Amino acid sequence: MTKQYDVITLFPEMFDAIADSGVTRRALDEKVWALKCWNPRDFATDKYRTIDDRPFGGGPGMVMKAEPLNAAINAAIQRQQDLQLANFGNTAKVVYLTPQAKPITDAGIRQLAAEPGLIFLCGRYEGIDERLIEARVDLEISIGDYVLSGGELAAMVLIDAMVRLLPGVLNTAESATEDSFSPARNHLLDHSHYTRPEVWNNAAVPTELMSGNHAEIAKWRRKLALTRTLKRRPDLLDVTKLSKEDLKLLQEIQQKQK
Ligand code: 9D3
């Protein structure tokens, strides 16, 4: 069934980036997923359609008001309920994108992607009135330890990462099971890639790749993936989970480094 993603955002146009280009656009056309943005400004009831206000206790910046966000969440939940008739009374989770959360991992993306629908709440300014978060948010997610201007890019990162995992989105050649952080690859980094010409800038393509020997090519790629992971991301290498073949390759690598 089509995954239903609702997004509460002051900047719905930003989501054209994933709706209009690439793999995510194709999957949207094929109804693998659907997107509906809700602008809290459309739910503000005062004359000036106010969505933010000054923080109690003082300080710089503005805080997003609870009520317009509350009304927008209600609209999104209503839409999800109207669409997901066979969901056994479960309602879509509300996900708040915030730097005040644990950064998401590949495993987290896979869990999220299993949900039939999600509602993403994007903050701007200094943040959202805490009472709205306490009352309505099920899950808080960060995408990493750096500062963005708002939750929109983070929501798009999550949607992009989820959609490409969904059945039929990637072809078998670019299969998600082959990805760097995929459990099926022991969370190793990717090997390097080459295409024509055979010599460019005085640099030749590694001979192993030109051999036509599929076993040799596979071994070379696996060895390179292990070498890179050891060098660049040793934190990803769980030696206790490596196969006998991988451990042998790792020994070969460490021999050479001496
Ligand atoms: C200047 C405001 N900052 C005071 C220390 C806090 C702050 C509030 C809101 C910092 C950034 C943001 C906007 N960021 C997000 O909404 C966000 C985010 C991020 O900045 N980094 C990583 N993941 C995420 S998810 C949402």
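None of the values given here were measured: they were computed from a predicted structure. In what follows, residues are counted from 1 in the order of the sequence shown. Both ligands and their constituent atoms are indexed starting at 1 by order of listing.
The closest donor-acceptor contact from the side chain of Q80 to the backbone of Q4 lies under 3.5 Å. Looking only at distances, a side-chain donor or acceptor of D238 sits under 3.5 Å from a matching main-chain atom of T240.
The residues lining ligand 1, counting any heavy atom closer than 4.0 Å, are L97, T98, P99, Y125, E126, I141, S142, I143, G144, Y146, V147, L148, S149, G150, G151, A154.
Connection of V199 to L209 is not established within any shared hydrophobic cluster, with ILVMFWY side chains joined at heavy-atom distances below 4.5 Å, either directly or through further cluster members.
W38 carries K36 over the face of its six-membered ring, with the cationic atom under 6.0 Å from the centre and within 45° of the normal.
In this structure, a donor-acceptor pair under 3.5 Å is present between the side chains of T9 and E152.
Using a cut-off of 4.0 Å between Lys/Arg side-chain N and Asp/Glu carboxylate O, D190 and R221 are scored as not salt-bridged.
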